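First up is the structure itself, then whatever we jot down about it.
Worth saying up front: this structure is predicted, and the values here are computed from it rather than measured.
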Amino acid sequence: MKIKISIILVLLAFVSCSKQSDFQLLSPNGALQVNVSNINNSSAFTIIDGSDTILESSIIGLKVNGISFVENVSFSDLKKTEINETWETINGKQEIVNNHYNGFNFKVAKNQSSSYGYEIECRVYDDGFAYRYIFPSEAIQDSVKIDQELTSLNFRGNYSYWAYNGEKHNVGPVLRTEKTIKEVRTPIVMQFHDDSFMAIHEAEIMEFAPFTIAASSNDKSLGFHIAYSKRNQPFKTSWRAFMLGEKVGDLVESDLLVNLNEPSKNQDFSWVKPGKSLWDWRVLGYKAADGFEYELNTASHKRMIDFAAENNIQYLLIDADWYGDEFNENSDPTTTREGIDIVACMQYAADKNIGIILYLNDVGAKKFGLERVLKQFSDWGAVGVKYGFMKGGPEEKVKNARAIVALCAKYKLMVDFHDNPIPPSGDRRTWPNLITKEFGHAQGDAKYSHFPETAVNQVLINQIAGPLDMTNGWFDLNSAHVGRPKVFEELPGTVVAEVAKLITIYSGWMVLPDSPEAYLQKEDLFDCIRKMPAQFDSYKVLDAALDKYVSIARKAGDDWFVGSLTNREARSITLDLSFLSKNEKYEAILYEDAENSNFLTNKESYIIRRQAVDANTKLVVRMAEGGGHVVYIKRISNE
């Protein structure tokens with residue numbers, strides 16, 4: 001992902017601390033403090049944020065090969081580091097990312113032992129901290145098996161939490177002392193009080209199964225559930241990453257996860273191009289006014305390519321069954337089914353400057369050879385792959401996903417993982433072609449439909465992990481489920497909210513699920529999508545409350561798009577437009593729910609109005625029950 005990088009400051013100090021029992025590390029701004037101690041030969045750490053103690057004395061360490069490394073241990077060979085660098089993203093929330101942290105690394109050994117167990121590396125940022133375990137060659141004898149992470153996070157006070165929940169509505173709010181859930185997936189978001197939030201997730205998932213959070217103790221603590229296999233070569237675990245903020249939106253804006261991943265290695269990723277995409281899967285069965293019916297064939301694909309080329313849409317995603325029944329092991333993804341001429345389709349798309357993304361099921365990839373299939377896709381001229389239904393245990397899926405991304409990079413293919421993928425973990429920094437993931441319940445992409453509160457919390461929970469493919473942007477909300485076999489349930493929401501979701505959710509591919517004709521029936525509203533860039537320049541949370549509402553601003557050159565969503569309650573919120581450039585004039589086009597809009601009974605009504613705004617404007621926006629709001633803010637030349 002890194003195009004340019006400038007090292008502003010690198011400081012490395014080696015400190016002998018064979019007798020040192022505790023040490024302290026501060027964030028670059030000095031506000032966040034990590035204290036690690038080995039009092040009475042027991043390892044622990046505390047976290048203090050300003051005057052607020054987030055973590056009281058908490059055990060830190062592992063059980064390895066049946067041996068506990070949290071008691072009767074010693075620390076040695078402390079190394080301290082400070083890094084301050086900037087790097088440019090290809091597929092990120094922001095164009096430029098600052099990576100500024102203070103770090104330390106030290107060895108942990110059992111007392112009276114001739115060899116140590118492992119190293120702990122920790123980094124402290126202004127907005128959070130992270131640690132991981134390192135097993136160098138000296139720590140490996142015959143083999144190493146991490147049996148358990150013994151770390152126990154002891155929070156000072158009670159708190160509520162929310163957590164990722166796969167293709168269901170996210171868990172929460174759960175009051176830690178009143179309700180116990182045995183195990184939750186990450187990201188987990190905790191609220192300690194009105195202006196104190198923390199998120200826990202994982203960065204740089206490389207080799208092992210993702211961890212989960214153990215939440216079943218009788219006190220307020222949290223732990224980690226891990227399932228690690230044996231290793232006989234040096235290795236590192238993933239980062240246990242903690243993001244802090246005064247507002248829940250601070251957690252979503254954080255770049256801590258991507259900064260914990262390694263830059264891309266000696267590879268040109270300039271061919272990676274985020275963008276908007278049409279999608280054939282949910283359109284199947286749609287009957288246009290001129291009598292045309294969309295089917296899984298090249299004629300339908302060419303019709304969609306024409307629409308994309310005329311409306312600032314960069315891609316067409318051709319989904320499952322284009323090479324036969326996706327779950328049939330005899331369906332060969334290097335060939336096509338009757339009615340599809342993939343070579344003619346690719347040429348037609350290339351002539352229109354539209355890229356084609358091809359679906360690939362795990363069944364076909366394994367039966368016919370992943371590299372052979374990806375090479376064929378590349379030879380045809382495809383620009384990307386949507387990879388579905390990966391099988392195997394969690395660790396196997398981690399390794400397979402890494403292999404797929406690397407092979408896609410070899411053949412200059414972007415990739416999007418669907419169907420309960422391995423969580424995003426900032427890995428798009430290492431592999432910028434890892435463009436997005438269906439990390440959550442994409443609306444209409446399961447045999448049930450989610451409700452407005454799910455969309456609000458996806459922004460504030462799932463999106464902490466990384467870019468999401470939620471296939472938002474439905475316009476035919478009233479009848480899509482009636483005439484289209486791949487739209488299983490009625491879609492709750494308002495059409496303005498569907499446009500707002502394209503702004504609130506950050507994704508390398510903005511996959512549009514509806515038919516060209518459905519968009520043109522509301523052409524004045526679709527014009528807002530048409531104006532959206534292939535890639536936004538920034539991501540800013542203006543206001544948010546878990547379970548209730550969220551408002552996001554995205555920059556596009558000199559202009560801005562602001563999207564807001566509410567839960568099932570109608571509400572008005574006030575947007576502070578001070579993010580606009582001072583002394584500049586702007587015109588705002590407001591796309592709003594109608595007075596009587598409702599996410600169940602009146603989904604497709606909307607109004608559009610205009611008004612002058614500037615950096616001093618406090619804009620009051622109204623959203624219907626289960627609705628949304630969109631503002632396109634265009635800078636007016638002073639000339």
Side-chain angles (χ1 to χ4, degrees), residues 91-95 248-249 252-253 274-277 311-314 436 440 442-443 452 454-464 466-475 493-514 519 522 524-545 549-567 571 573 575-577 579-580 586 588-593 606 608 613 619 621-624 626-635:
N91 173 29
K93 295 192 293 280
Q94 318 289 345
E95 283 188 303
V248 67
V252 182
E253 291 183 6
K276 293 174 281 186
S277 178
N311 289 280
N312 189 29
I313 296 172
Q314 291 73 39
T436 190
Q443 182 166 263
T454 301
V456 170
N457 277 6
Q458 282 178 336
V459 177
L460 301 173
I461 299 172
N462 308 52
Q463 195 168 210
I464 289 171
L468 307 178
D469 179 10
M470 297 288 95
T471 58
N472 296 315
W474 288 95
F475 272 33
T494 71
V495 69
V496 173
E498 286 299 304
V499 178
K501 291 172 187 176
L502 298 173
I503 301 168
T504 60
I505 291 293
Y506 138 67
S507 180
W509 284 340
M510 193 185 301
V511 178
L512 305 173
D514 223 327
Y519 290 126
K522 301 178 181 65
D524 54 351
L525 181 61
F526 176 72
D527 191 53
C528 183
I529 298 177
R530 185 187 290 123
K531 286 184 170 71
M532 291 180 189
Q535 166 114 23
F536 290 101
D537 301 332
S538 66
Y539 189 96
K540 180 178 180 60
V541 182
L542 300 182
D543 197 5
Y549 67 92
V550 64
S551 185
I552 305 295
R554 311 285 297 275
K555 197 171 188 295
D558 292 328
D559 304 335
W560 288 83
F561 290 81
V562 180
S564 303
L565 297 171
T566 184
N567 59 8
R571 73 179 70 244
I573 59 176
L575 302 180
D576 183 347
L577 303 189
F579 57 86
L580 298 175
Y586 296 86
I589 304 177
L590 292 83
Y591 304 86
E592 302 179 314
D593 294 324
Y606 61 94
I608 301 174
V613 297
L619 187 66
V621 303
R622 175 194 166 276
M623 294 178 281
H629 192 278
V630 173
V631 191
Y632 168 55
I633 304 175
K634 181 174 179 59
R635 187 175 70 88

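With Gln458 contributing its side chain and Ile505 its backbone, the two residues share no donor-acceptor pair below 3.5 Å. Not a single donor-acceptor pair under 3.5 Å links the side chain of Glu498 to the backbone N or O of Gly493. In terms of modelled atom types and a separation under 3.5 Å, the side chain of Gln314 and the main chain of Lys276 share a donor-acceptor contact. Although no hydrogens or angles enter the test, the distance criterion places no donor-acceptor pair under 3.5 Å between the side chain of Ser551 and the main chain of Leu542. Using modelled atom types, one side-chain atom of Ser507 and one backbone atom of Leu468 make a donor-acceptor pair closer than 3.5 Å. A donor-acceptor pair is defined here as one N or O able to donate and one able to accept, closer than 3.5 Å; no such pair exists between the side chain of Asp593 and the backbone of His629. Side-chain N or O atoms of Lys531 include none that pairs as donor or acceptor with a backbone N or O of Phe561 at under 3.5 Å. In this structure, Gln463 contributes its side chain and Tyr506 its backbone to a donor-acceptor pair below 3.5 Å.
For Thr471 against Ala442, the heavy-atom pair with the smallest separation is OG1-CB, 3.6 Å. Here the closest heavy-atom approach between residue Thr494 and residue Gly627 is recorded as OG1-CA, 3.4 Å. Closest non-hydrogen pair, Thr504 versus Tyr539, comes out as O-OH, 2.7 Å. Across all their heavy atoms, Ala497 and Gly628 have their closest contact at CB-N, 3.7 Å. Among all heavy-atom pairs drawn from Thr566 and Pro452, the shortest one is O-CB, 3.6 Å. Nearest heavy-atom pair, Val613 versus Ile633, reported as atom, atom and distance to 0.1 Å: CG2-CG2, 4.0 Å.
For the 3.5 Å distance criterion, the side chains of Asn312 and Arg530 fail to qualify, holding no donor opposite an acceptor.
Leu580 is listed as a side-chain neighbour of Tyr586, based on a closest heavy-atom distance under 4.5 Å. A 4.5 Å side-chain heavy-atom check between Ile503 and Val562 finds every atom pair outside the cut-off. Side-chain atoms of Val499 and Met532, non-hydrogen and from C-beta on, do get closer than 4.5 Å to each other. Within the 4.5 Å cutoff, side-chain heavy atoms of Ile608 are placed close to those of Ile589. Using a 4.5 Å heavy-atom threshold, the side chains of Val459 and Val541 count as separate. The closest side-chain heavy-atom distance from Ile573 to Met623 is below 4.5 Å. Using a 4.5 Å heavy-atom cutoff, the side chains of Tyr549 and Asp543 are in contact. At a threshold of 4.5 Å between non-hydrogen side-chain atoms, the residues Leu590 and Leu619 count as touching.
Ala455 pairs by the side chain to side chain contact (heavy atoms under 4.5 Å, CB included) definition with His450, Lys501, Leu565, not counting sequence neighbours. Taking Gln535 as the reference, Pro274 meet the side chain to side chain contact (heavy atoms under 4.5 Å, CB included) condition, with sequence neighbours excluded. With sequence neighbours excluded, the residues satisfying ring pair (Phe, Tyr, Trp, His ring centres under 6.0 Å) with Tyr519 are Phe475, Phe526.
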Taking it one step at a time, do Trp509 and Asp469 satisfy side-chain contact (heavy atoms from CB on, under 4.5 Å)? CA-CA 7 Å; Trp509 284 340; Asp469 179 10; 5.8 Å; no
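If you take CZ on Arg635 and CG on Asp559, they are separated by 8.0 Å, rounding to the nearest 0.5 Å. Note: Arg554 CZ to Trp560 CH2 = 10.0 Å, rounded to the nearest 0.5 Å. Between Leu502 atom CG and Ile552 atom CD1 the span is 13.5 Å, to the nearest 0.5 Å. Distance NZ/Lys540 to NZ/Lys93: 13.5 Å, rounded to 0.5 Å. Within the model, atoms CG of Asp527 and CG of Asp524 stand 8.0 Å from one another, a figure rounded to the nearest 0.5 Å. For the atom pair CG of Leu512 and OG of Ser277, the computed distance is 7.0 Å after rounding to the nearest 0.5 Å.
Other residues, nucleotides and ligands contribute more than 12 heavy atoms inside 6.0 Å of the NZ atom of Lys522.
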